[in-house]
Amino acid sequence: MLTLQTLRNDREGLISAYKARNLDVTEVVDRILELDSERRQTQKQLDDLKHEQNQASREIGELFKSGEREAAEQKKTAMGDIKERIQGLDAVLRTLEGQQVDRLLELPNRPHASVPVGVCDEDNVVLSEEGSRPELGEDALPHWELCEKYGLVDFELGTKITGAGFPVYRGKGARLQRALIAFFLDRATDAGYEEFIPPLLVNADSARGTGQLPDKEGQMYHCAEDDLYLIPTAEVPLTNIHRDVVHKAEDLPIKLCGYTPCFRREAGSYGKEVRGLNRLHQFDKVEIVQIQHPDKSYETLDVMVEHVRDLLRALELPFRTLRLCGGDLSFASCLTFDLEVWSAGQERWLEVSSISNFESFQANRLSCRYREGGKNQLVHTLNGSALALPRIVAALLENNQGPDGINIPEALRPYTGFDRIT
RNA sequence: GGAGAGGUGGCUGAGUGGCUUAAAGCGCACGCUUGGAAAGCGUGUUUACUUGAAAGGGUAACCCGGGUUCGAAUCCCGGUCUCUCCGCCA
């Protein structure tokens, strides 16, 4: 959620910035500002009335004490009118505030100046490509066939137990999952991130704090009886650790990481996009999060991107780096870099990581601040996948396949305990 | 799941309708004192909104939401969380 301050101070800059998202926000912004001035006016009137009431009440108390019962009663009746007016204005104020917040909540984050104008993923800008794509020839298999051939992932079994999109990993396939999780967590810890194991279900306040509510309500699994949501990413519980917290400026940045399964309904997905491990309802991911001083958040974003790129280098996967265009930017993000690995069996790029700076958009909802010079100010929050497992597994299997087995990259072998899948 | 007790400032803790603009203590900050320190003394010590050029002023907040009242930390209703006991359970 943007701060009102931003809207008041920089209406023009704001409106032109949203063009990168292909949005004309003039009307919404002006309506919010209009509500704002109405609200402030009402607030002032209300405060004055309450002041009057407080004073009168004090006087009545004193009159009673000094035994002037009649004068007190008289004053009491006179208060009836003020009371009604206060109730009326109170209701108006609440309505105005509600309308204002509703509109603010609907407004996506303001894109960073470097975000390219664009409508969809085709308008994303490829910044660089690294590593070489393997030459596999005609016999190359997509990962879902490799999974079956070597008994690594059983998709049909998952369908039986739960439904489509809930795979069952087994044998070396299961061990590979565990190896990747441990490898990613170790790398994050080495980089100074504190490891957490957070709850996998969160309440509505938390979902709102990171921006999943109300924007992406339909994408989360919801336990109606207890009104809890299954997390779509560890970002939600990890970032919400800092909801309603004021940090000392010198404690920043705060670096957190965690492995969790992620649950996504993925309503509306279909076709080859969702084949095999490409898109799942439940998948594993290690997430890194930073709470940072506003002056340093973009520097930090670059460092986080480099951290994830190092993971891909260590796994010897060919990858490219994208700067997302305005149309592909998530609701809460100012600037996002995507990393995609080359999937040799499918001959396409697969998104494996999204690293974003949310500036104060989440912090404002979370009320996460830092104290500097005697004042509380909103922090900046950032996060990135480091990394999401299924597509990494897909690429590892496909890219490293041979006629009679799959090689495990060097860096992963201490974790898997085997160097080849046969 | 059942029964009971409770939720007050950074912390401890008083406060059953107006003398509370929340006592007292602790902690913290600054100043005085001192060769330096401790002790002592003094001053200060929440947040949000709003008003004002500033100094300053106003309103709200004692778990949350309603209600009663001229007036609520205090009374009433609903919710929530914590603790204790019982039951169940990996």
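Numbers restart at 1 for each chain; the letters A, B, ... are given by sequence-line order, proteins then strands. All values reported here derive from a predicted model rather than from experimental measurement.
Residue-environment remark: CZ (A/R170) stays at or below the threshold of 12 foreign heavy atoms within 6.0 Å. Around the NZ atom of A/K149, the shell of radius 6.0 Å holds more than 12 heavy atoms that belong to other residues, nucleotides or ligands.
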inquiry  = side-chain hydrogen bond (donor to acceptor under 3.5 Å, both in side chains) for A/D284 and A/Q177? Distances and angles first, verdict last.
reply    = CA-CA 8 Å; A/D284 296 300; A/Q177 291 289 115; 3.0 Å; yes
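B/C30 and B/G42 make up a base pair, with Watson-Crick or G-U wobble contacts both under 3.5 Å. Across the strands present, B/A3 finds its partner in B/U84; the criterion is a Watson-Crick or G-U wobble pair with both atom distances under 3.5 angstrom. In this structure, B/A53 makes no Watson-Crick or G-U wobble pair, since no nucleotide meets both defining distances under 3.5 angstrom. Both distances falling under 3.5 Å, in either a Watson-Crick or a G-U wobble arrangement, occur for no nucleotide opposite B/A23. Pair assignment for B/A48: B/U59, on the basis of Watson-Crick or G-U wobble contacts that are both within less than 3.5 Å. The nucleotide B/A37 finds no pairing partner, because no Watson-Crick or G-U wobble arrangement with both distances shorter than 3.5 Å includes it. Figure legend. B/C70 is base-paired to B/G18; pairs are counted as Watson-Crick or G-U wobble with both atom distances under 3.5 Å.
Between B/A60 and B/A22, the two P atoms lie 12 Å apart (nearest whole Å). Distance noted for atom P between B/G67 and B/C62: 15 Å (whole Å). Atom P of B/U45 sits at a distance of 12 Å from the matching atom of B/G56, rounded to the whole Å. As rounded to the nearest Å, B/G57 and B/G4 have P atoms that lie 49 Å from one another. Spacing between B/A61 and B/G9 at atom C1', rounded to whole Å, works out to 11 Å. Rounded to whole Å, the P atom of B/A48 lies 33 Å from the corresponding atom of B/A38. B/C63 and B/G13 have their P atoms separated by 15 Å, given to the nearest Å. For the P atoms, the distance linking B/U74 with B/G7 amounts to 12 Å, nearest Å.
Rounded to whole Å, the distance from CG on A/D90 to C1' on B/A61 is 14 Å. The CZ atom of A/R85 sits 16 Å away from the C1' atom of B/U59 (whole-angstrom rounding). The separation between A/L49 atom CG and B/U59 atom P is 12 Å, rounded to whole Å.
A donor and an acceptor atom, one from each side chain of A/R275 and A/N278, are nowhere located under 3.5 Å apart. In this structure, a donor-acceptor pair under 3.5 Å is present between the side chains of A/N203 and A/S206.
In terms of heavy atoms, A/P111 sits closest to A/L329 at CB-CD2, 4.1 Å. A/N109 approaches A/A332 most closely through the heavy-atom pair ND2-O, 2.8 Å.
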message = At under 4.0 Å between heavy atoms, how does the protein contact nucleotides 64-83 of chain B? Give one character per nucleotide, 5' to 3', with B, S or -.
response = --S--BBS------------
ask   = Which nucleotides of nucleotides 44-56 of chain B have their base under 4.0 Å from a protein heavy atom (B), which only their sugar-phosphate (S), and which neither (-), written as one string 5' to 3'?
value = ---SSSSS-----
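The cationic group of A/K285 does not satisfy the cation-pi geometry with A/Y259, failing either the under 6.0 Å distance to the six-membered ring centre or the 45° limit from the ring axis.
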Sequence neighbours excluded and cut-off under 3.5 Å, please list the side-chain donor-acceptor pairs for residues 80-97 of chain A, or say none.
residue : atom : partner : partner atom : Å
A/T95   : OG1  : A/A91   : O            : 2.8

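Here the rule is side chain to side chain contact (heavy atoms under 4.5 Å, CB included) with A/Y221, and of A/L230, A/I231, A/L201 only A/L230 fits it.
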